[in-house]
Amino acid sequence: MAMTLTSPAFAQGGTIPTAHTCDGQDLSPAFAWTGVPAGTVSRMLVCDDPDAPNGTFRHWAAYNIPADWTGLKAGHGADPAAPGVRQAVNDFRKPGYGGPCPPRGDKPHAYHFRLAALGDWIVSASHAARCLEIQELARPLEIEAVELVGFYGR
């Protein structure tokens with residue numbers, strides 16, 4: 001069964017609610033997923049903004065999510081030390097989730113939430129690892145991935 005990724009906060013191609021951005025409470029949206037590819041040991045969920053003026057801006061990397069979990073509740077990123085999940089330092093230079101915050105006047109940016117099934121745990125990352133580092137460590141472990149894209153403009 002192929003993996004799916006959904007959020008009760010926004011549909012594929014929909015607008016990300018203000019509560020999940022820098023203009024609101026800056027809480028991560030809730031996510032649910034289905035499908036556990038054979039060999040999955042852990043999962044990683046990232047959020048990237050490829051429309052950022054200076055290249056891709058990395059908003060979140062939550063990793064070492066146990067394979068049997070079926071989602072994350074809203075606000076998960078507010079606690080970088082949540083049990084069972086590690087979170088990288090985002091491009092705001094903070095651990096955990098940092099919501100959409102595009103420059104005022106830009107067209108709405110596309111935020112790519114990407115869930116990857118991994119064949120092992122990411123064990124070699126330091127506690128100060130950046131999102132890009134986690135994504136690079138995960139690449140050789142990836143079995144399957146799925147994306148949910150939402151938009152936000154200011």
Side-chain angles (χ1 to χ4, degrees), residues 1-7 9-10 12-13 16 20-22 26-103 106-152:
M1 170 194 273
M3 287 196 318
T4 64
L5 175 63
T6 60
S7 175
F10 63 97
Q12 180 72 268
I16 298 169
H20 305 295
T21 73
C22 68
D26 210 17
L27 298 174
S28 63
F31 291 97
W33 51 78
T34 62
V36 181
T40 300
V41 173
S42 70
R43 298 185 194 248
M44 173 184 70
L45 181 61
V46 301
C47 176
D48 290 337
D49 173 8
D51 298 328
N54 295 319
T56 300
F57 192 93
R58 289 164 177 83
H59 288 261
W60 195 24
Y63 62 102
N64 288 349
I65 301 169
D68 61 348
W69 286 22
T70 58
L72 293 176
K73 64 181 180 178
H76 181 86
D79 180 8
V85 176
R86 292 184 60 190
Q87 297 184 70
V89 175
N90 59 41
D91 285 353
F92 292 114
R93 296 193 168 107
K94 298 178 185 175
Y97 177 82
C101 197
D106 272 16
K107 68 176 179 69
H109 288 201
Y111 294 87
H112 295 251
F113 291 88
R114 185 172 188 274
L115 177 71
L118 306 178
D120 207 347
W121 302 99
I122 297 174
V123 295
S124 59
S126 76
H127 287 286
R130 304 289 302 255
C131 292
L132 180 58
E133 178 185 348
I134 297 305
Q135 289 172 301
E136 289 171 351
L137 289 170
R139 197 173 332 271
L141 305 174
E142 189 171 302
I143 298 168
E144 186 178 335
V146 63
E147 276 193 352
L148 176 63
V149 180
F151 290 85
Y152 186 72

Spacing of CG belonging to D51 relative to CZ belonging to F57, to within rounding of 0.5 Å
13.5 Å
Separation between CZ (R86) and OG (S126), nearest 0.5 Å, reads 7.5 Å
With a 4.5 Å limit on heavy-atom distance, are the side chains of [X] and [Y] in contact?
X    : Y    : value
L118 : Y63  : no
W60  : N90  : no
Y97  : P29  : yes
I65  : L45  : yes
F31  : L115 : no
F151 : F10  : no
I16  : F113 : yes
P53  : D106 : yes

So, for [X] and [Y], which heavy atoms are closest and what is the spacing to 0.1 Å?
X    : Y    : result
D49  : A110 : OD1-O, 3.7 Å
H109 : P103 : CE1-CD, 3.8 Å
P66  : W121 : CA-CH2, 4.0 Å
L137 : A125 : CD1-CB, 3.8 Å
V89  : A128 : CG2-O, 3.8 Å
P50  : T56  : CA-OG1, 3.7 Å

Determine, stepwise, if the pair F92 / C101 fulfils side chain to side chain contact (heavy atoms under 4.5 Å, CB included).
CA-CA 10 Å; F92 292 114; C101 197; 4.1 Å; yes
List the steps, then state whether side chain to side chain contact (heavy atoms under 4.5 Å, CB included) holds for V46 with C131.
CA-CA 8 Å; V46 301; C131 292; over 6 Å; no
Atom pairs and distances, donor-acceptor, side-chain atoms in residues 139-147, under 3.5 Å, two or more places apart:
| unit_1 | atom_1 | unit_2 | atom_2 | d |
| --- | --- | --- | --- | --- |
| E142 | OE1 | R114 | NH1 | 3.0 |
| E142 | OE1 | R114 | NH2 | 3.3 |
| E142 | OE2 | R114 | NH2 | 2.8 |
| E144 | OE2 | M3 | N | 2.9 |
| E147 | OE1 | H112 | ND1 | 3.0 |

Given D91, which of H59, R58, R130 fulfils the side chain to side chain donor-acceptor pair (under 3.5 Å) condition?
R130
Listing request: all side-chain hydrogen bond (donor to acceptor under 3.5 Å, both in side chains) pairs with a residue in residues 32-45, at least two apart in sequence or in separate chains.
T4-T34
Any donor-acceptor pair under 3.5 Å from Q12 side chain to G150 backbone:
no
Mind running side chain to side chain contact (heavy atoms under 4.5 Å, CB included) on S7 and L148 for me, showing each step along the way?
CA-CA 8 Å; S7 175; L148 176 63; 3.8 Å; yes
Please walk me through it: do Q135 and D48 pass side chain to side chain contact (heavy atoms under 4.5 Å, CB included)?
CA-CA 11 Å; Q135 289 172 301; D48 290 337; 2.9 Å; yes
